[in-house]
Each structure stands twice: as C-alpha cells, then as structure tokens.
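To start, the structure itself, in structure tokens.
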Protein chains: 2
Amino acid sequence: MPYVMVQIPRSPAPASPSGSSVPTSADVARLAGVSRATVSYVLNNTSAVRISEPTRRRVHEAAKELGYVPHAAARSLRAGHSRMVLMPAPTIPVGPLYSQFLSELQGALGRLDYTVVQYGTAGVHGDEAARAWAELRPVAVLVPGSGLGPQGVAVLKRSGARAVVTLGPGTVDGAHALLMDHAAVGRAAAAHLYARGGRRIGVVVPEEPGLEVFSRPRLHGVRHALRGTDATVTELPLAYDEEAAARLAGRWRSLGLDAVFAYNDEYAMLLMRALKDDGVRVPGETAVIGADDLMLGRLLRPRLSTVHIELPSGRDLAELVDRAVRNPTAPPERREVLGASVVARDST
Amino acid sequence: MPYVMVQIPRSPAPASPSGSSVPTSADVARLAGVSRATVSYVLNNTSAVRISEPTRRRVHEAAKELGYVPHAAARSLRAGHSRMVLMPAPTIPVGPLYSQFLSELQGALGRLDYTVVQYGTAGVHGDEAARAWAELRPVAVLVPGSGLGPQGVAVLKRSGARAVVTLGPGTVDGAHALLMDHAAVGRAAAAHLYARGGRRIGVVVPEEPGLEVFSRPRLHGVRHALRGTDATVTELPLAYDEEAAARLAGRWRSLGLDAVFAYNDEYAMLLMRALKDDGVRVPGETAVIGADDLMLGRLLRPRLSTVHIELPSGRDLAELVDRAVRNPTAPPERREVLGASVVARDST
DNA sequence: TTGAAAGCGTTACCAC
DNA sequence: GTGGTAACGCTTTCAA
C-alpha cells in the first residue's frame, strides 16, 4: 500500500498560534482539549472544584509546552485588586543602612505574598507622582521622605490603595506614619558634644541636593538640644569634595569652633582630613562627631565618634502593612521608629 | 406615628457610587452626561476626533471632581502592550557609581515615555524570577548580573517583551548585552602593580555573599594579566570587618606579598588600616590598589591608588532600549561598556 | 460630534 | 467534574 499525501486540515482556530503572539489561557485550553475555566481551575489549584488527574496533567503539559504565563493585568482587573506594594525608587544614593532595610522589607513582604515594586519616578514629585502610582492600583504604597501631601494620600486611597504608609519626619492625614525623626540624631550629637565641653558648635550641612530631607532635621535637632544653654550653633554648608573641605578648613580657626557635628560619617571623614591637613588637632582643638555608624568611622584615626541609627526591622514594617491592608478602616498608626544613640570613640 | 424601619432600596446603578468604590471612566461619563467614549477621547487628547470645548470642560471637571485616575491594567490589557521597563531591584547595597547610573537611566527612559519599575524579587532567582516578571508583561526587561539564562529570555520574549538587555559579564542567547567585564578592572590593577615592581601579588576576595559576581571576574582579570610573567597571585578571602582584617594583617609578612589588589576602595581602606596597625608600610613593603575611585580613597594617607570605572551613560542605554523596542527583530546588540583606567596615587 | 458595542485575558458563578 | 458566560475598565471602530 503506497504512501499517500494526506491533506493536513488547517484548523480554523490554530491550536498554537503563529509563534509571534503571546499564549493565553485559551490557547492552553485548546491544546489540552478543555475549557478555559478548567485551565484556570487547574493552574490556580482551585480547591472548590475537583478536576481529574489526567486532565490536570494535560493542562499542565499544555501550559508548559506553550510557555504560558498568566497575565497579571487581566487577573487583577478581574479580581478587582492586586497584591502590589508600591514604593518610589530612591533618587539619591542610599547608604548600606537603608539598603539593608529595604532588602529586609522586600523579603518580608514577599513572604506575605505581596509583590514589591519600586516605581522609577522620573522628575515628578509628591502629589503629582501619586497620580502616576495610582494608575497601577497598588494595594499599598510606602513613601519615604516628605514629598507626599494629604491630596496624594487621598488620590491613592480613592484609587483603591488600602494602606498608605509614610516613612519620614512627619505625619500626613490619612496615612500611617513611621516617624523617622532625624532631629533625634542631631539632638544626640549635640548632647554628646556639649557634655564633652563643646560650646561653640558647628553643624555641617551638605550642599548636595536631596539631602536636605535629612540635614535640616539634624540641624534643627542640634539647635533644639542646645536651646537655653550657653552654647552657640554655627551652620557650615559644605559640598562633598576636597576643595570645599580645604576651604572650610582654611578658615577654621577664624570660626573658633570647639566641636562639630559633621552630618554623617562620610562628611566627617572629609572634614577631618581637611582639618588634619591644616594642622587642626582632633579632638584637641575641635571635637568631631559623625552619624550613621559606618565602618569607615572605625577605621579612621582618631576613631570617629558617631551617632548610631536604628531603623525598624523590615519584618515589623511588613507586618504593619499587612495589618493595614487587612483592616483598611483602622485609624492610622503612627510610630516612632528611629533610634539614635551615640557611639563615643576618640574624635570627641 | 412610630418610627418604622424602612428598607433602603439598593439602587440598581448608583450615579455616584457610595464613595468606597473606585471611580471609573463610566462614572466620569455619567457625571459629565456623556458617553464613555467621549471621556476617553477627551482625557487622552485623541486628535482624530473633535470634541466641543464645553464638552471637554465638563469631562475634565467631572474627572477632577471624582478624583478619577485611569486604570493602567485595563488600559494595557486593551492596548495589548504597555510601556513598562522592568528591572529586578538590587539585592546588595549598591555604590554611588551604580546608583547614579540607575538614576540617569530612569530619567532618560522616563523622558522617552517609559515607566521604569524595579521588581522586588524576593529570593527567587534567574529563570524562575523571569516568570514572575513576565506576568507584568513589560515591554522591555533590563537584567544586571548573570542570573538570567536563555530559558528566562525565551519566557520573557514569549510573553511579549520586545527587548531583553543583560548588564553583566556575559551574553545570553536572544538578549542584548551590555558587557560589563569586571575582569578588565583586575587586568588594569594587575598591570599597574606589575609595572610598579610587584611580583608576589595578593588579591582580596570579599566573603560577603552576592559580591562574587564582581570579585571573581576581578580576580580572573588579575590572573589573566599576569599569565606568562614571573609574578604569582595569592587569593585573600576577607570579610568586611576589623577582626578579619587584623587577622589577615597578622599573617601578612608570612605571606611575603609585595603588592595587593584589594577588590575595591572600601576593602582597601579596611586592609590598609590593619596593615598600618601592624606596622606594615604602604607602599614601601606592600603596594595597595583599590577600585571604584570612591571619594574615600582620596582622603586616605597615603592617597589610595585605584581603578576608575566608567559606566555607560544612562541616556545611551535608554536609547538602546528604545531602539530595541521599536525594532524587536534586529539582531541582539552586544557592546562592551565598562571602562577601567588606573588612577595612580600614593599607595602603589 | 457623540454613542453603542466589541474585545483585551482572566476568574467565578451556574448549569449541565 | 466540566463548560458556557458574564464581568472587570478601558480604547477604538463603526454607525448615527
């Protein structure tokens, strides 16, 4: 019996569309010979419905063969909600402290089955940005800094966010607040310098844009701690480069300062180097304290005194978010979460 | 007349839903007294259709009053594509160099009207993660590091990604590659040390997990540059803490090294401090070179020699992405983008 | 100039 | 056990 050419019938609805298009659950259903509903049941392990084992296998195989990946947008459109937690991506380089906090947070939220997404806000700020975030319909929004106003919070909530949490210096109407009061850092530094005999106290204020969020509260904290004492506070604007530091050091003796809070350890290192190059003794003539308790402070000589900062654990924040999402009508929590404690070393 | 319980009728289609639900374009249409189509035309400034000015105003006012924000998922579901560029969020603290690159990139992509999103991949890696990313149907995916395999690329492309770009040491089938060959950093460092007379050369290898991606190529680069010379290479595992550094310094003289490439400037600072504490002269007994050209290297004494690293401009990468998206069938570009040049200071 | 309607991919309700 | 079907919010063609 001779081989015959058989006409391969062109299926009216091709089982595997011409490669270029993205496979949908309908494609999986066709290939497995079942309905779309069945595919959904199998792939989501829906417990309310019993599907025979052979069917399950066929569906899984079809999905694998097509490289099927469910469409998150369609899913959350249908469900009416998502499990996306949105944060704006940081716009300034972020230190190891905050990096680790962020990692922890992402891990913890991931374990609670949330998807964390950092939104690359290009240029837009605060309440305008909130509109862009709201388009993604996140179930929760975490906002570091102080850009977001009550308007922004309202927009986000109106568009379905069940929790808005700010991480920063203040509270915003309608949002939960993790208060990170950087004034406490300034207060700790100032109290320490004062206790060590400092009376004419300088405060380095970085000129780099974006750092005001931290530098201003730190400065205010110093002022606050020294109010009513005989100490004076001198603001010292400083750019993060050697020339600026050298210039500042050059007029150091004319400033007559006996102590300085250098914003953080990196600026402290910059300043101490410039002071040493100019022959100003630390801590003899001027005591220097930094902040953030970075490794580099331990490596300097004299060893750098610093303000150690304690951030909340990512797990705690993740649980707060989860609680807030589960119970959106609960009153906003506001919690003070920034711990500041002086680590006295040799520079003060 | 006694109070009676009245059954409040459930309105079949409330004109303005009871505040709790999210306003849709249908709500805007109702309030403005127009159809949903008109709302869409007005809010998207559709030029193909002329809408009378009074109508436009009514629509805008209604949208504003309701706090309407369009639903990105619904939109991209309908459109069949989005303008989301997805990157995995970094899992290790990222230096100022890379931070700035990321900022630039986000800004540049934003100007090209893309939305950059960093996906907080919790624990999952490589090709598994690719599935999760694919659910968001991004138009492009940028992957730093070397976690992604050809499988992952295939999954992403099958689910509609028009461009996959890896930023890392190697190329992956089907993906564009921005080759950041950290071996070049090691080669530059080694060549410099050798030229300065180093023959027994140590290479610090951080023990911190996640840094192997960089440390291994840097080590290999050193080995490669010194192959065929009379120099020897000694691998020096080192954790980023003072005790580990002190231990290493303690056995330094027994190692008999006359030069060391310390992975980067921070490890170099750690090591130099420990060496100095043990009385090992730098560069007299041992030359030290770091990498990354951080500010702190300039502040050390002796001033730290380092390998300056040049990353591609964010604008360039953004344009590559845009080109790739516009022309998905073009063959993958592979471009070498990491420049490494020695900055000789006083430590070598 | 505006409105009606289809359809994007998914899931959940209700019949079979 | 399984399959049809409606609905989520939006854009866009076609018709009025």
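B:Y68 places its OH atom 10 Å from the C1' atom of D:dT11, with the value rounded to the nearest Å. Distance, B:L77 CG to D:dC8 C1': 9 Å, rounded to whole Å. The distance from atom CG of B:L43 to atom P of C:dT2 is 14 Å, rounded to the nearest whole Å. If you take CD of A:E135 and P of D:dC10, they are 10 Å apart, rounded to a whole angstrom. Residue A:R75 contributes atom CZ, which lies 10 Å from atom P of C:dA12 at whole-angstrom precision. Rounded to an integer number of Å, the gap from CZ of B:R30 to P of D:dC10 is 12 Å. In this structure, NE2 of B:H71 is placed 16 Å from P of C:dG9, rounded to the nearest angstrom. Residue B:R158 contributes atom CZ, which lies 16 Å from atom C1' of C:dG9 at whole-angstrom precision.
For the OP1/OP2 pair of C:dT1 and a distance below 4.0 Å, the side-chain nitrogens and oxygens of B:R50 include no atom meeting the criterion. The phosphate of C:dT10 (OP1 or OP2) has no side-chain N or O of A:S76 nearer than 4.0 angstrom. OP1 or OP2 of C:dG3 sits under 4.0 Å from a side-chain N or O of B:T38. Contact annotation: B:T24 side-chain N/O to D:dG9 OP1/OP2 distance is not under 4.0 Å.
When the nearest nucleotides of DNA chain C are assigned to B:R137 and B:T55 by heavy-atom distance, the more 5′-ward of the two goes with B:T55. Remark on DNA chain D: of its neighbouring residues B:A72 and B:V49, the 5'-side contact belongs to B:A72, judged by nearest-heavy-atom nucleotide.
One N or O on the side chain of A:D127 and one on the backbone of A:G149 form a donor-acceptor pair closer than 3.5 Å. Not one N or O on the side chain of A:T166 forms a donor-acceptor pair closer than 3.5 Å with the backbone of A:G168. A distance-only check finds no donor-acceptor pair linking the side chain of B:T46 to the backbone of B:V49 [under 3.5 Å]. Remark: side-chain polar atoms of B:R83 are paired, donor with acceptor, to backbone N or O of B:D113 under 3.5 angstrom. Although no hydrogens or angles enter the test, the distance criterion places a donor-acceptor pair under 3.5 Å between the side chain of A:E104 and the main chain of A:G314.
Checked for salt-bridge contact, B:R323 and B:E319 miss the test: no charged N lies under 4.0 Å from a carboxylate O.
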So which protein nitrogen or oxygen atoms get under 3.5 Å of nucleotides 4-7 of chain C's nitrogens or oxygens?
from  : atom 1 : to    : atom 2 : distance (Å)
C:dG7 : N2     : B:R78 : NH1    : 3.2

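A:I51 comes within 4.0 angstrom of the backbone, heavy atoms only, and of no base. Backbone-only engagement by B:V34 is indicated by non-hydrogen atom pairs under 4.0 Å involving sugar-phosphate atoms exclusively. As judged by a 4.0 angstrom heavy-atom cut-off over every strand, B:S40 is placed among the base-contacting residues. When heavy atoms are screened at a 4.0 angstrom cut-off, B:T46 is found touching no nucleic acid atom at all.
Applying the salt bridge (Lys or Arg N to Asp or Glu O under 4.0 Å) test to residues at least two apart or on different chains, none of the pairs has a partner in residues 43-71 of chain B.
Applying the side chain to side chain contact (heavy atoms under 4.5 Å, CB included) criterion to A:R78, with sequence neighbours excluded, gives no partner residue.
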